[in-house]
Amino acid sequence: MKLPGPDHPITITANPKRVRVSVGGVVIADTTHALTLKEASYPAVQYVPRQDANLELMARTDRSTHCPYKGDASYFSIVADGKTLENSIWTYETPFPAMTEITGHLAFYPDKVKIEEVA
């Protein structure tokens, strides 16, 4: 486990805007409680509370990855609009202590879904 610091900063802030995630016009998640995670020089990631996502459109997969800063990630595929988007969602179900704010949240690959901030 590594801790965020000056050499690898990670910030988590509440996104004041509404965030909608969709695939082919099908809304996968819609929330006013997204968290924006900024990590080092990576693009910002929106973490959406699970309760604001349509879990019926998701199927857990066997994929798992490890981040030395956040912990072990689990993955879901999206089954919507007649398609399956493999491993298009990740979540840290038991993140490391420094990242507990993202517990119960889902993140989506922007090259697989449409993520938009709605006024």
Practice item. Measure from the side-chain N and O atoms of K114 to the backbone N and O of G25, and report whether any donor-acceptor pair falls under 3.5 Å. Key: no
Revision key, fill the gap. So NZ of K70 and OH of Y92: to nearest 0.5 Å the spacing works out to 4.0 Å
**Study point:** Non-hydrogen atoms of E117 and N15 that approach each other most closely
**Key:** OE2-ND2, 2.8 Å
**Study point:** Q46 versus T36, side-chain donor and acceptor atoms under 3.5 Å
**Key:** yes
Point to revise | Close side-chain approach of H105 and L37, heavy atoms under 4.5 Å | key: no
Practice item. Can you see which heavy atom on A29 is nearest to which on V48, and at what distance? Key: CB-CG1, 3.9 Å
Check your understanding: When rounded to the nearest 0.5 angstrom, what is the spacing between CD1 in I28 and CG in L57?
Key -> 4.5 Å
Exercise for review: Using only heavy-atom distances, determine whether the side chains of S64 and D72 contain a donor-acceptor pair under 3.5 Å.
Suggested key: no
Check your understanding: Say you draw a straight line from CG of N54 to CG of D30; how long is it, rounded to the nearest 0.5 Å?
Key -> 11.0 Å
Practice item. Please work out which of the three classes, parallel, tilted or perpendicular, describes the rings of W90 and Y109, given edges at 30° and 60°. Key: tilted
Study note, to complete from the structure: Of all heavy-atom pairs linking R50 and F76, the shortest is NH1-CZ, 3.9 Å
**Study point:** For F96 against P68, the heavy-atom pair lying closest together
**Key:** CE1-O, 3.4 Å
**Study point:** Enclosure of K17 NZ (heavy-atom neighbours >12, cutoff 6.0 Å)
**Key:** no
**Study point:** Pairwise distance CG(N87) to CD1(I78) - rounded to 0.5 angstrom
**Key:** 10.5 Å
Practice item. Measure the spacing between CE of M58 and CD1 of I89 and express it to the nearest 0.5 Å. Key: 4.0 Å
Practice item. Give, for atom CE of M99 and atom CE of M1, the distance between the pair rounded to the nearest 0.5 Å. Key: 10.5 Å
Exercise for review: Kindly give the heavy-atom pair with the smallest separation between S22 and V27, and that separation in Å.
Suggested key: CB-CA, 4.1 Å
Revision key, fill the gap. Closest heavy-atom pair, C67 versus E39, reported as atoms and distance to 0.1 Å, is SG-OE2, 4.4 Å
Check your understanding: Are more than 12 heavy atoms from other residues, nucleotides or ligands located less than 6.0 Å from atom CG of D7?
Key -> yes
